[in-house]
Amino acid sequence: MGSTSGEHTTTPEGIGTTTPEGIGTTTREGVGRRSLIKRSVALGLVSVPTMSFLSACASSGGGGQEKAKAGKKTKQNPLGVNDTAQMEFVLFDGGFGKEYAQDAVKIYQKDFPKAKVKFSATQKIQSTLQPRFNQGNPPDLIDNSGAEQMDMGVLVSRNQLADLTPLLDAPSYDDPSKKVRDTLRPGIVEMGQFDGKPVWIIYYAYTVYGVWYSQKLLGSLDEKYPETWDEMLKVCEKAKKKGIAGWTYAGKYPYYIPFSLYPMIGKVGGREVLDAIDNLEPNAWKHPAVKACFEAYYELYRKGYILKGTPGLDHIQSQTAWAQGKALFIPNGSWVENESANVIPADFDLAVSAPSGIDSSDKMPFGTIWASGGEPFIVPAKAQNPEGGMEQLRIMLSEASSKNFTTKVKSLTAFNGGTTGISLTPGLKSGVAALEKAGSNVLNPRLQDWYVQLQKEKIGVSGLGEMMAGRITPAEAIKRIQGFADETGKDTSIKHYKHQ
């Protein structure tokens with residue numbers, strides 16, 4: 001899920017990315033997003049569209065609009081942008097704000113002074129743009145994030161998105177000898193693919209998901225971050241005796257729990273376990289690694305290590321309680337630093353860690369983490385000026401625009417670099433260190449991209465949320481979630497995807 005939680009109606013990013021809700025955003029009214037946390041429809045239960053509603057949004061209709069005549073391709077204009085055609089850009093108004101995008105628009109206007117740029121930002125992506133998709137006159141570039149994010153799987157399956165391969169194969173904005181694709185962080189291109197080679201999405205922010213905490217508070221207990229679950233329970237018990245809860249989380253939006261739970265499952269059982277879950281394989285959720293990790297998390301509830309009242313807290317409330325030192329740990333994405341900037345104390349010493357494992361029998365080493373793109377940008381297939389939309393993205397994927405984004409919103413971008421000369425904030429610095437420690441042990445579960453409703457409403461709320469509130473056991477949660485996954489796998493109205 002880059003921005004803030006969608007629950008706000010803002011967005012899942014962090015070190016990028018997008019809160020699920022707006023998987024990292026700033027709070028404005030209501031709940032925010034993030035995505036994915038972010039990614040994703042986020043969220044919401046406030047107003048999560050039904051699949052039929054999303055399908056309607058994605059289906060074509062209306063007379064459409066005439067495409068602008070393409071311009072001449074040159075070294076300065078490799079995508080052949082019509083230098084007099086209007087370019088329309090709609091941004092999700094989440095935790096990352098608007099300024100970084102407005103700065104990039106100014107560069108577009110400088111490069112194409114005869115072109116009019118229509119820029120707007122909204123938290124109501126789906127309700128604002130659904131009618132325009134139906135009528136065949138969508139904008140040229142969309143930041144499809146927040147609580148009202150349009151379902152990516154539906155958009156792809158309905159052929160509503162333009163293939164961004166021409167952008168990826170174009171010369172980078174900084175160095176004509178390099179293609180755009182060669183300047184991106186590992187996994188960004190693959191995340192935008194659903195079936196085969198076409199790339200439908202560019203995830204602009206880069207989010208580190210994991211367990212976030214105050215190094216100062218943990219140090220006051222004379223403890224370091226626990227690498228095994230026995231050590232985790234020991235730290236939580238020590239905190240409990242000091243009147244501090246071990247954990248809290250977004251109880252109203254429990255699909256935040258997977259930000260640390262999923263990479264733990266991958267660490268314990270290997271990345272193939274997460275791939276099987278993503279692929280909706282029969283009995284994937286019954287793997288011993290899933291059982292071990294569910295039981296470990298349930299122990300936090302059983303031993304009283306969860307902050308009292310957590311099931312009733314939204315993401316902002318839980319983050320505020322955590323920032324106030326009422327709980328040690330919170331599962332989240334790197335957008336949390338920007339989203340909670342107004343409540344995190346100056347001496348908090350924000351840090352993130354990969355999840356604790358079970359023990360030395362885990363398949364992957366400590367440091368295995370979930371990190372991936374967030375804040376999904378798309379160019380509609382029926383855009384009037386698709387070349388303009390792609391060119392705006394090419395500008396945003398330059399080193400200068402990347403540095404501007406990182407400086408202003410405390411998040412990394414898809415551009416592989418862009419931190420030289422920048423004074424990194426504590427959370428961002430810790431996220432970069434976590435990525436370096438992980439090395440190749442970076443996981444990227446795809447459920448939140450491929451099956452939004454399954455991930456958020458069913459696995460998150462009806463499964464994990466109920467288990468962590470103590471209303472069902474781990475065994476019952478696994479049985480329930482496997483049933484949800486099987487239903488999704490058998491539903492012929494849903495487009496299904498698999499790891500290639």
Side-chain angles (χ1 to χ4, degrees), residues 1-6 8-26 32-43 89-105 121-123 125-126 129 139 141-150 152 155 161 164 167 184-185 187-189 191-192 199-209 259 332-339 370-379 389 392-393 395-397 401-402 404-406 408-416 418 428 431 444 448-449 452:
M1 344 195 107
S3 322
T4 255
S5 275
H8 278 180
T9 58
T10 283
T11 273
E13 277 127 126
I15 248 186
T17 158
T18 249
T19 278
E21 275 80 54
I23 225 156
T25 199
T26 293
R33 152 201 121 70
R34 201 93 119 105
S35 124
L36 329 152
I37 342 72
K38 293 106 61 52
R39 293 136 218 359
S40 339
V41 150
L43 337 146
F89 179 2
V90 177
L91 184 81
F92 169 68
D93 191 4
F96 292 144
K98 299 178 285 188
E99 192 174 352
Y100 79 93
Q102 292 171 322
D103 291 343
V105 165
T122 178
Q123 293 186 358
I125 292 293
Q126 194 249 317
L129 298 182
L141 179 62
I142 301 168
D143 173 16
N144 182 32
S145 190
E148 282 204 24
Q149 176 194 52
M150 293 177 285
M152 292 297 190
L155 292 174
L161 302 183
L164 301 178
L167 164 64
L184 304 180
R185 293 183 185 278
I188 292 296
V189 171
M191 276 197 71
V199 178
W200 309 110
I201 308 158
I202 293 293
Y203 288 89
Y204 186 65
Y206 196 74
T207 299
V208 172
Y209 302 98
F259 295 157
N332 222 310
S334 41
W335 61 81
V336 70
E337 183 169 26
N338 197 49
E339 188 170 62
W370 179 1
S372 64
E375 221 57 30
F377 282 75
I378 56 176
V379 174
Q392 182 67 79
L393 265 178
I395 292 169
M396 292 171 63
L397 291 168
S401 289
S402 179
N404 186 51
F405 179 86
T406 298
K408 289 179 175 174
V409 307
K410 306 179 184 72
S411 172
L412 299 176
T413 73
F415 178 78
N416 196 3
L428 189 53
N444 184 12
Q448 70 176 18
D449 308 312
V452 174

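Counting only distance, with no hydrogens or angles, the side chain of E337 and the backbone of L428 share a donor-acceptor pair below 3.5 Å. Judged by distance alone, the side chain of N144 and the main-chain N or O of M150 form a donor-acceptor pair under 3.5 Å.
Between Y204 and I188, the closest side-chain pair of non-hydrogen atoms is not below 4.5 Å. Side-chain atoms of L91 and Y100, non-hydrogen and from C-beta on, do get closer than 4.5 Å to each other. With a 4.5 Å cut-off on side-chain heavy atoms, S411 and E375 do not count as touching. No side-chain heavy atom of T122 sits less than 4.5 Å from a side-chain heavy atom of E148. Annotation: side chain of D449 is not in contact with side chain of M152 (no heavy-atom distance under 4.5 Å). For the pair M396/F405, no side-chain contact is recorded, criterion being any heavy-atom separation below 4.5 Å from C-beta on. Side-chain contact between L155 and I201 is absent, with no heavy atoms from C-beta onward closer than 4.5 Å. No side-chain heavy atom of I378 sits under 4.5 Å from any side-chain heavy atom of W200.
Shown here for I125 and D143, the closest heavy-atom pair between the two residues is CD1-O, 3.6 Å. The two atoms that bring V208 and G431 nearest to each other are CG2-O, 4.0 Å, heavy atoms only. Considering all non-hydrogen atoms of both residues, F92 and S145 come closest at CD1-O, 3.3 Å. The shortest non-hydrogen separation linking G389 to V379 is C-CG2, 4.2 Å. Closest approach of P376 and Y203 over heavy atoms only: CB-CE2, 3.5 Å. Minimum interatomic distance between I395 and A104 (heavy atoms only, all atoms of both residues): CG2-O, 3.9 Å.
Here N416 pairs with R185, P186 under the side-chain contact (heavy atoms from CB on, under 4.5 Å) rule; sequence neighbours left out.
Between atom CG of residue L184 and atom CG of residue L397 there is a gap of 6.0 Å, rounded to the nearest 0.5 Å. Note that CG of N404 and OG1 of T413 are 10.5 Å apart. Values are rounded to the nearest 0.5 Å.
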